[in-house]
S.K.: 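First the structure, which I've put down as structure tokens, then a few questions once you've had a look.
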2 protein chains.
Amino acid sequence: MDDVASTSVPERKRGSGVKMVYELLRDEILDLVLPPGSPIDEVQLAERFGMSRTPIREALVRLAGEGLIDTLPNRSTMVSNIDFLNLHTFFDALVLMYRVTTRLAAQYHRAEDLPVIRAHQARFAAAVEAQDALAMIATNAALHSAIAEAGRNPYYISLFNRLLSEGRRILRLYYQSYGDRLPQQFVDEHEDMIAAIEARDIEAADRLAKEHAEQIVRQIQTFFSRNERLDMKL
Amino acid sequence: MDDVASTSVPERKRGSGVKMVYELLRDEILDLVLPPGSPIDEVQLAERFGMSRTPIREALVRLAGEGLIDTLPNRSTMVSNIDFLNLHTFFDALVLMYRVTTRLAAQYHRAEDLPVIRAHQARFAAAVEAQDALAMIATNAALHSAIAEAGRNPYYISLFNRLLSEGRRILRLYYQSYGDRLPQQFVDEHEDMIAAIEARDIEAADRLAKEHAEQIVRQIQTFFSRNERLDMKL
DNA sequence: CGCCGACTTCTTGTCGACAAATAAAATACA
DNA sequence: TGTATTTTATTTGTCGACAAGAAGTCGGCG
């Protein structure tokens, strides 16, 4: 009908365009609005956002740096595929980072971190209540990211955020096929983890994070091995 | 002979400029040729490499993505500082990644990985023999990176490489002040680790990596705490 | 009928130029 | 003389245009 974003050119500020494009594309990729393999056309994006190709390009370089898009030299660029064959490496790193970040949060968190964490947990519980899969996935990632922040190790934070991002795509795929049935159990497990963090019980935090992570991983692995023939390129 | 980079415009190939600038700047930063805080001027680099600002900019965006340079919006961009106050987070992550990657290498390496690893180890031994600190630091990073590659977990590989990069700057600072006295001990420890990997002895690989890493960390921490007043901005 | 080569087209990579934002310098004023 | 304000200068952010590289297309030839 009408061009979605052609006429609105709302006088962006100087440095804001890149960030906006980056975050929007990022969310669209992670929510599978742009499924793996989708072609990314620079001029098309330039038209859509009403700006030149230069800032678009910068956003794409950043996304490529995080492995969210793949760029073939001189040829096309597209949303990166999910490597189903090596999912175990992803799960291995995910479980380890769950443990390490939760452990460090119990050790190093400050008083002002807990309200932030609890706020995320509240949003997560609300999403589960509303059976909103997309919101539940996003708030789950935000919650664990906040816990990692409280651990105050930028290297772990960085890797964990990347894993959580990739996890958003995989979880979306999982709950999509699973009929979006969202268990209350995760909310309770989160509560226990937060309590352990607040009590500064490092070993308990580690153990709870390990169980929490391994349980999720087990569910998803079961699902993906059941649909073995899902080795489509997608 | 000729001016280093003024008249020679050797017809680079289309996509090669960015990579070249990226790698060169990266090495100059990690070898402290460009010390922390050095200003990065785009036009100056453009003249130096005989190209436009666009590819320079792309290389800088990538470097910023890895935390090697900091960019103040609309103002200057400079080599990122080393955060001496939070070195413990760096060491914590470094030790963990040493362990995990070596462990996985023992578990998942293939026959063709070992010659590569041994080649790096030979170069490392040669650098120690020659008492060449810069080469020793670089080959050490390359060796451990190769071990991580044999572990075949891209997430760990990515974080570990970032840690090894940052480590190159810190080690450079360390050996610089230490009179570049290079111990033979590291060569032997590497040999033991490689042997454990080859024997697929996972627990031994883990233990050796842990001891190796903690010993290095201890040395550097002692050094830095002795020079406590090194809390200069540098 | 099928294979090989020139051509077209489409996307990316690079360029030079201009505009905005900020810091530094210069000026005016109390 | 010290401070506020204007001016200048420098660096970044953005733009439109052009050229190179690669896939697809079409025609020619065996």
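None of these values were measured; they are calculated from a predicted model. Below, chain A is the first sequence line, B the second, and so on; all start at residue 1.
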S.K.: Which nucleotide in the set C:dT12, C:dC10, D:dC15 lies at the smallest distance from any side-chain heavy atom of A:Arg75?
M.R.: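 It is C:dC10.
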
S.K.: Taking the side chain as everything from C-beta on, heavy atoms only, tell me whether B:Tyr22 gets closer than 4.5 Å to B:Arg26.
M.R.: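 B:Tyr22 reaches B:Arg26 side chain to side chain.
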
S.K.: Using a heavy-atom cut-off of 4.0 Å across all strands, would you classify B:Leu60 as base, sugar-phosphate, or nothing?
M.R.: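 Touches nothing.
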
S.K.: From CD of B:Glu47 over to C1' of C:dG16, roughly how many Å is that when rounded to an integer?
M.R.: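 It is 14 Å, rounded to the nearest whole Å.
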
S.K.: For A:Lys13 and D:dT14, what is the distance between atoms NZ and P respectively, to the nearest whole Å?
M.R.: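 Interatomic distance, NZ of A:Lys13 to P of D:dT14: 13 Å.
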
S.K.: Heavy-atom nearest nucleotide on DNA chain D for A:Pro73 versus B:Thr54: which residue maps closer to 5'?
M.R.: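 The residue closer to the strand's 5' end, by nearest nucleotide, is B:Thr54.
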
S.K.: Which is true for A:Thr77 with a 4.0 Å heavy-atom rule: it touches a base, it touches only sugar-phosphate, or it touches nothing?
M.R.: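 If one applies the 4.0 Å heavy-atom cut-off, A:Thr77 turns out to touch the sugar-phosphate alone, with no base involved.
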
S.K.: Tell me the interatomic distance from A:Leu72, atom CG, to D:dA23, atom P, rounded to whole angstroms.
M.R.: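 Rounded to the whole Å, the gap is 9 Å.
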
S.K.: Working to the nearest 0.5 angstrom, can you tell me the gap between B:Phe91 CZ and B:Tyr98 OH?
M.R.: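 So the gap between those two atoms works out to 11.0 Å.
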
S.K.: Of all the choices, D:dT14, C:dT12, C:dG16, which nucleotide is nearest to the side chain of B:Arg14 once you look at every atom?
M.R.: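 Among D:dT14, C:dT12, C:dG16, the one nearest the side chain of B:Arg14 is C:dT12.
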
S.K.: Within this structure, what is the CD1-to-C1' distance between B:Ile56 and D:dT11, rounded to whole angstrom?
M.R.: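 Checked: the CD1 to C1' distance equals 15 Å.
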
S.K.: The side chain of A:Ser52 lies closest to which of these nucleotides: C:dG16, C:dT11, D:dG16?
M.R.: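 Of C:dG16, C:dT11, D:dG16, D:dG16 is nearest to the side chain of A:Ser52.
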
S.K.: Hey, which of these two, B:Glu58 or B:Asn74, hits DNA chain C nearer its 5' end, going by closest nucleotide?
M.R.: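 Looking at the nearest nucleotide for each, B:Glu58 comes out on the 5' side.
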
S.K.: Nearest whole angstrom, please: distance from the C1' of D:dA19 to the CE of B:Met51.
M.R.: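 So the CE-C1' distance, B:Met51 to D:dA19, works out to 16 Å.
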
S.K.: Under 3.5 Å, side chain of B:Ser145 to main-chain N/O of B:Ala141, donor-acceptor pair present?
M.R.: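 Side chain of B:Ser145 to backbone of B:Ala141: no pair is present.
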
S.K.: For the CD atom on A:Gln107, are there more than 12 heavy atoms of other groups (residues, nucleotides or ligands in this structure) within a distance under 6.0 Å?
M.R.: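 Atom CD in A:Gln107 is packed in, count exceeds 12.
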
S.K.: Specify the separation, in whole Å, of atom CD1 of A:Ile69 and atom C1' of C:dT12.
M.R.: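 Spelled out: CD1 on A:Ile69 to C1' on C:dT12 is 13 Å.
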
S.K.: Pick base, sugar-phosphate or nothing for A:Glu42, based on heavy-atom distances below 4.0 Å to the nucleic acid.
M.R.: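 Answer is sugar-phosphate: A:Glu42 comes under 4.0 Å of backbone atoms only.
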
S.K.: Counting side-chain heavy atoms from CB outward, which of C:dA20, C:dC10, D:dT14 is closest to B:Arg53?
M.R.: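 Nearest listed nucleotide: D:dT14.
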
S.K.: Tell me whether the centres of the aromatic rings in A:His144 and A:His190 are closer together than 6.0 Å.
M.R.: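 Yes, the ring centres sit under 6.0 Å apart.
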
